[in-house]
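A short write-up of the structure that comes next.
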Amino acid sequence: MIQWIAFHGKLLTRVRLFSWGIIADKSCVLCGGSEESHDHIFFVCPFSIAVWNLCLLKCSISRPPLPLRDEISWGLANGRSKSVYGLIFKLIFAASIYFLWGERNNRIFKAKGMPWQGVFDLIVENLHACLCDQETSAAVDDSTREALCQRIEIQLRCDLRAMAIGSHAQRPPQSQQFN
């Protein structure tokens, strides 16, 4: 759900709240620099760029992060493939939006945050959970799942027998844009 809201530019960013007169400061809480817009918080902020550079590397994509609309367009054009990299990109893209927004909210509402490496680790953990999830498991064969885990340098630690009896890994909702 958060991805859909972000794609449509409807998240309550600090720039948006400032324009309504709700807050007095529109600077980004992740970097403390520029104004917190949709493009900035997800793909222009130095904090987000650090996360995204590693995410793109894990997808074997050698380019810098693009602005939000361009990244969505690129993902729609290139993420539809059934390749290992296409699947990794879709999962990482959705998780990145989710966890970057979550980190932003933790800093505002809980007055605590983590370094960008911690956000990246959450994305990788989420990817692992998705690969162990029953729904994803039904759509991904064992060889693809193994290739995904090797690509992101994690070991598949889930017990497939436990999945068969109904255990579910928690994960953020995925964008319907990439189904």
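Nearest heavy-atom pair, Pro64 versus Asn53, reported as atom, atom and distance to 0.1 Å: CA-OD1, 4.4 Å. Residues Ser27 and Gly33 approach most closely at CB-O, 3.7 Å, considering heavy atoms. The heavy-atom pair separating Leu30 from Arg107 by the smallest distance is O-NH1, 3.4 Å. The minimum heavy-atom distance between Phe43 and Ile49, with the atom names listed, is O-CG1, 3.6 Å. Across all non-hydrogen atoms, the minimal contact from Ile2 to Trp101 is CD1-CD1, 3.4 Å. Closest approach of His40 to Pro46, counting heavy atoms only: CE1-CD, 4.5 Å.
The backbone N or O of Thr13 sits nowhere less than 3.5 Å from a side-chain atom of Glu36 that would complete a donor-acceptor pair. Distance alone, capped at 3.5 Å, is enough to place a donor-acceptor pair between the Arg14 side chain and the Asp25 backbone. A donor-acceptor pair under 3.5 Å is absent between the side-chain atoms of Ser48 and the main chain of Val44, judged by distance alone. Distance alone, capped at 3.5 Å, is enough to place a donor-acceptor pair between the His38 side chain and the Leu11 backbone.
If you look at Trp74 and Phe93, their ring centroids are not closer than 6.0 Å.
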Which donor-acceptor pairs under 3.5 Å do the side chains of residues 15-24 make with protein atoms, sequence neighbours left out?
from, atom 1, to, atom 2, distance (Å)
Arg16, NH1, Lys10, O, 2.6
Ser19, OG, Arg16, O, 2.7

Contacts table for residues 110-124: side-chain donor-acceptor under 3.5 angstrom, sequence neighbours left out:
none

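Note on Ile108: it does not cluster hydrophobically with Phe42, by side-chain heavy-atom contacts below 4.5 Å among ILVMFWY residues. Residue Leu100 is not grouped with residue Leu12 when hydrophobic side chains (ILVMFWY) are merged at heavy-atom distances under 4.5 angstrom, including chains of intermediate members.
Going from atom SG of Cys31 over to atom CD1 of Ile41 covers 9.0 Å, rounded to the nearest 0.5 Å.
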Checklist entry - Where do Cys28 and Cys45 land on the side chain to side chain contact (heavy atoms under 4.5 Å, CB included) test, with the steps shown first? => result CA-CA 8 Å; Cys28 175; Cys45 174; 3.8 Å; yes
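A 4.5 Å side-chain heavy-atom check between Cys55 and Ser96 finds at least one atom pair inside the cut-off.
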